[in-house]
Amino acid sequence: MWTLVGRGWGCARALAPRATGAALLVAPGPRSAPTLGAAPESWATDRLYSSAEFKEKLDMSRFPVENIRNFSIVAHVDHGKSTLADRLLELTGTIDKTKNNKQVLDKLQVERERGITVKAQTASLFYNCEGKQYLLNLIDTPGHVDFSYEVSRSLSACQGVLLVVDANEGIQAQTVANFFLAFEAQLSVIPVINKIDLKNADPERVENQIEKVFDIPSDECIKISAKLGTNVESVLQAIIERIPPGVIANVALFDGVVSKGDKIVSAHTQKTYEVNEVGVLNPNEQPTHKLYAGQVGYLIAGMKDVTEAQIGDTLCLHKQPVEPLPGFKSAKPMVFAGMYPLDQSEYNNLKSAIEKLTLNDSSVTVHRDSSLALGAGWRLGFLGLLHMEVFNQRLEQEYNASVILTTPTVPYKAVLSSSKLIKEHREKEITIINPAQFPDKSKVTEYLEPVVLGTIITPDEYTGKIMMLCEARRAVQKNMIFIDQNRVMLKYLFPLNEIVVDFYDSLKSLSSGYASFDYEDAGYQTAELVKMDILLNGNTVEELVTVVHKDKAHSIGKAICERLKDSLPRQLFEIAIQAAIGSKIIARETVKAYRKNVLAKCYGGDITRKMKLLKRQAEGKKKLRKIGNVEVPKDAFIKVLKTQSSK
Ligand SMILES: Nc1nc2c(ncn2[C@@H]2O[C@H](COP(=O)(O)OP(=O)(O)OP(=O)(O)O)[C@@H](O)[C@H]2O)c(=O)[nH]1
């Protein structure tokens, strides 16, 4: 039996060009490294494992479980994971040293542009140590909080991690989060202090931080410069010595052999497929005909779309059913936003672009939605704000799509008291991802909002300002320790909606960029939530209904009214813009009456010019949405919907 550990980018790439039959990445592959795992014994050890000759003769049956190590590299953003991965690939001969390799595992355009890793990549390295040939499966991981789902997914396939820490910056918020993910998964953690070549590097200080925060003896830290390659060989040694041999890898074979032509069944869908191809990723797909227990590889079967290729699924031979292995926790969207085509005629193109992109990123949830002002569209769920931005950027870059993305919201819950509503929803506790569906207070026992446990690491001098920022965001302090003489680690419980829009930017700007932030899901807490309506001359604007915390209602309502005032054109009569909770008005702005005379500049009697101007005015009106007697241009909605903030 095999478990489907990841689909990865490699899989999606394979899916797209093949019109029929789908690629199923059973094992996101590692890149191979130097040593003669399966190479003919006559080969010199420095022979490149990237060579065609090696790949052709690759015989995976020659790697017993005790010679396999599955590991991930985890780190805070920019601490050097990808650079270390490049060096490991070079050192093991997987890629050519002479080629000035830079972030070989980062393949998406958005990754190269933003310098971040979004999708976990993997590579099989072959390494020769003291006469033994090892297969090291390296699973590179994203750096940003939003993608910690990819991190956990990678970790579940490993027995150990390299925890990379920048020798100058030291432990950052995400280092802490990643360490605990690995610790909880009971993995061996090898601390690697990187960038020791930097002028301001202070590896001893970082060693002490590691000992203090993670309780790892400082002499276990390996000090390297991934950029220059200094001491990277010791990392390979440590992988072999400190990480236990592993059976499970990214697409792990737990038992038996899988071969081309085998009939397999998915425990998740119960569908049967024929295996068209198996192999390893070296670094691209390299067919091997067979994969054996303990090995990691990929598999191509006739799966038609990603929903059939569930991460964590168990695959087994058709005639030998097994108990499914425990699956992986699926990613849970934490941020929801509306997405609409800029022009409705683009709806179908955008639909197909979203479908293709979600093939590659199944953690995005998609529900059809429509808005009177913005037309037909979708409500998408993302893992976090950066995830949302990256998705949007990929739509634009890879599919040339122009979209309107509305202000993100979080999933609230309501415990219902009205038996009619309970019957309607078939459950007592409902999740609300669309503010328009927020149930009235008279029908609920309580409302709940998602909370996260945030970790902030900052130089001491900014602590005061940061504490004020956190308090303004309704956060509750849980812990505060000095991790060395001048760095503080703060832990706060935040309502998710308070950090979803601009918390990270505010934190960065008030700490001159020095504070780092990470968060983990901490469930739900009771909250005094209210539904806020925006009215134009007494009529509710459905698009602008929001759910807000009672204490923030006034400031948010005021901000929306002001923005709407700035973006609404004057009309022939006065317009009252109001924010209301139930029948109570909490904010108001007024747009004065005005008549736009498009003919004002037409002196004399050129009738054709006058007609043209009147026609243009009429066309402009088509883009307006009438709310009561008030005409609202689409642009006004876009401005308000896109810039609303949680303050
Ligand atoms: N001086 C120095 N710079 C390094 C070293 N290792 C990495 N860097 C630089 O640090 C920056 C970030 O390195 P990456 O390898 O992209 O970091 P990463 O952790 O993979 O980043 P994410 O994918 O965004 O999480 C790059 O500009 C690297 O060139 C090192 O040992 N010394």
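Atoms within each ligand, like the ligands themselves, are counted from 1 in listed order.
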Kindly identify the option in Val164, Asn194, Ile193 whose heavy atom sits closest to atom 6 (N) of ligand 1. Asn194
N/O of Gly80 under 3.5 Å from N/O of ligand 1, yes or no? yes
Please could you name the atoms of ligand 1 that Ser82 approaches to less than 4.0 Å, counting only its heavy atoms? 15 (O), 18 (P), 20 (O), 23 (O)
Candidate pair Glu169 and His76, rule side-chain hydrogen bond (donor to acceptor under 3.5 Å, both in side chains), full reasoning: CA-CA 10 Å; Glu169 289 192 357; His76 190 76; 5.4 Å; no
With heavy-atom distances below 4.0 Å as the criterion, list the atoms of ligand 1 near Leu198. 1 (N)
Of all heavy-atom pairs between Cys221 and Ile193, which one has the smallest distance, and what is that distance? CB-CD1, 3.8 Å
With the threshold set at 4.0 Å, does a side-chain nitrogen-carboxylate oxygen contact exist between Arg394 and Glu389? no
Would you check if there is a donor-acceptor pair between the side chains of Ser234 and Asn231 at a distance under 3.5 Å? yes
Search all heavy atoms of Val410 against all heavy atoms of Phe336 and return the closest pair with its distance. C-CD1, 4.5 Å
Checking side-chain hydrogen bond (donor to acceptor under 3.5 Å, both in side chains) for the pair Thr409/Arg379: CA distance, chi angles, key distance, verdict? CA-CA 10 Å; Thr409 58; Arg379 190 144 195 92; 2.9 Å; yes
Shortest reach to atom 11 (C) of ligand 1 by a heavy atom, considering only Lys227, Lys199, Lys81, Lys195: Lys195
Can you check whether Ala75 has an N/O within less than 3.5 Å of an N/O in ligand 1? no
Run the numbers for me: atoms of ligand 1, each under 4.0 Å from some heavy atom of Val77, listed by number. 24 (O), 25 (O)
Numbering the atoms of ligand 1 from 1, which are under 4.0 Å from a heavy atom of Asp197? 1 (N), 2 (C), 30 (C), 31 (O), 32 (N)
How about Asn200 and Asn168: does a side-chain donor come under 3.5 Å of a side-chain acceptor? no
Which of the atoms of ligand 1 are close to Thr83, meaning less than 4.0 Å from one of its heavy atoms? 6 (N), 7 (C), 13 (O), 14 (P), 15 (O), 28 (C)
